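Shown below is the structure under consideration.
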Amino acid sequence: DGGITQSPKYLFRKEGQNVTLSCEQNLNHDAMYWYRQDPGQGLRLIYYSQIVNDFQKGDIAEGYSVSREKKESFPLTVTSAQKNPTAFYLCASSIGQSSGEQFFGPGTRLTVL
Amino acid sequence: SQQGEEDPQALSIQEGENATMNCSYKTSINNLQWYRQNSGRGLVHLILIRSNEREKHSGRLRVTLDTSKKSSSLLITASRAADTASYFCATDSSAGNMLTFGGGTRLMVKP
């Protein structure tokens with residue numbers, strides 16, 4: 001099956017710990033994105049990558065880091081510098097054009113205790 | 001900042017009724033998209049309408065775009081309980097920025 005996967009579905013971490021969220025796609029898409037969603041809210045862009053080994057900050061990049069070493073993978077690290085990390089994190093990909101249709105993963109719900 | 005804003009924030013209707021959601025945006029766009037999100041899940045793309053289009057249909061979905069008013073509407077006809085979800089509009093600017101999502105409309109369809 002072609003698609004985009006995120007793991008784990010639920011993640012619990014203690015305050016002050018870094019945590020890495022996984023995002024993998026087998027759609028052969030060039031572009032990948034990370035969004036944060038808070039309860040009852042829309043999506044806010046954290047980071048995006050339009051090509052391997054290149055990525056740009058979105059609207060709320062502070063306290064987050066990413067890497068894009070492979071086309072298929074775009075992991076997101078939530079660092080201890082992120083002041084309020086508890087949220088629902090969504091990864092997406094698109095063929096190339098940044099404003100085209102995006103395909104979303106099922107999301108990871110991160111809770112920091 | 002949010003480019004798109006949906007209205008209403010929440011909508012409750014009976015099965016079989018039509019549901020209309022609106023989206024307003026601030027700057028010129030290349031296209032506008034609508035997505036659906038079931039509770040606790042990822043978003044699913046519904047429809048994309050380009051800035052030079054005025055209306056588009058897909059099954060029970062009808063989307064209109066009025067660039068002079070910077071607004072779009074999503075109409076779901078003959079709603080079903082399975083249509084219960086949050087619906088988001090997403091826009092890009094003519095400058096080619098990334099998609100910006102609105103806050104969403106939470107639709108509940110009662111059987």
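Fair warning: this is a prediction, and the values are worked out from it, not measured in the lab. All heavy atoms count here, side chains included; hydrogens, waters and symmetry mates do not. Chain letters run A, B, ... following the sequence lines, proteins first and then strands; every chain starts at 1.
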If you round to the nearest 0.5 Å, how far is CE of B:Met98 from OH of A:Tyr48?
4.0 Å

Is it the case that atom NZ in A:Lys14 sees more than 12 heavy atoms from other parts of the structure closer than 6.0 Å?
no

What's the shortest heavy-atom distance between A:Leu90 and B:Arg41, and which atoms?
CD2-O, 4.3 Å

Of the backbone (N, CA, C, O) and the side chain (C-beta and beyond), which part of A:Gln56 lies under 4.5 Å from a heavy atom of chain B, both, or neither?
neither

More than 12 heavy atoms from other groups under 6.0 Å of CD on B:Gln9:
no

B:Gln14 atom CD, neighbour heavy-atom count above 12 within 6.0 Å:
yes

Check whether A:Val52 and A:Leu76 end up in the same hydrophobic cluster, where Ile, Leu, Val, Met, Phe, Trp and Tyr are linked by side-chain heavy atoms less than 4.5 Å apart.
no

Top contributor to chain B contacts, counting heavy-atom pairs under 4.5 Å, from A:Gly105, A:Pro106, A:Gly58, A:Gly107:
A:Pro106

Same cluster or not: are A:Val19 and A:Phe74 linked, directly or through other Ile, Leu, Val, Met, Phe, Trp or Tyr residues, by side-chain heavy atoms under 4.5 angstrom apart?
yes

A:Tyr35 versus chain B, heavy atoms under 4.5 Å apart: side chain, backbone, both or neither?
side chain

Bottom line for A:Arg109: the part with an atom under 4.5 Å from chain B's heavy atoms is side chain

Report, as yes or no, whether the 6.0 Å neighbourhood of atom CD1 on A:Ile51 holds more than 12 heavy atoms from other residues, nucleotides or ligands.
no

Rounded distance (nearest 0.5 Å) linking atom CG of B:Leu99 with atom CG of A:Leu45
9.0 Å

Between A:Gln102 and B:Tyr35, the two heavy atoms sitting closest are N-OH, 2.9 Å

Could you tell me whether B:Arg80 atom CZ has more than 12 heavy atoms of other residues or ligands within 6.0 Å of it?
no

Please report the closest heavy-atom contact between A:Glu101 and B:Gln33, naming both atoms and the distance.
CA-OE1, 3.5 Å

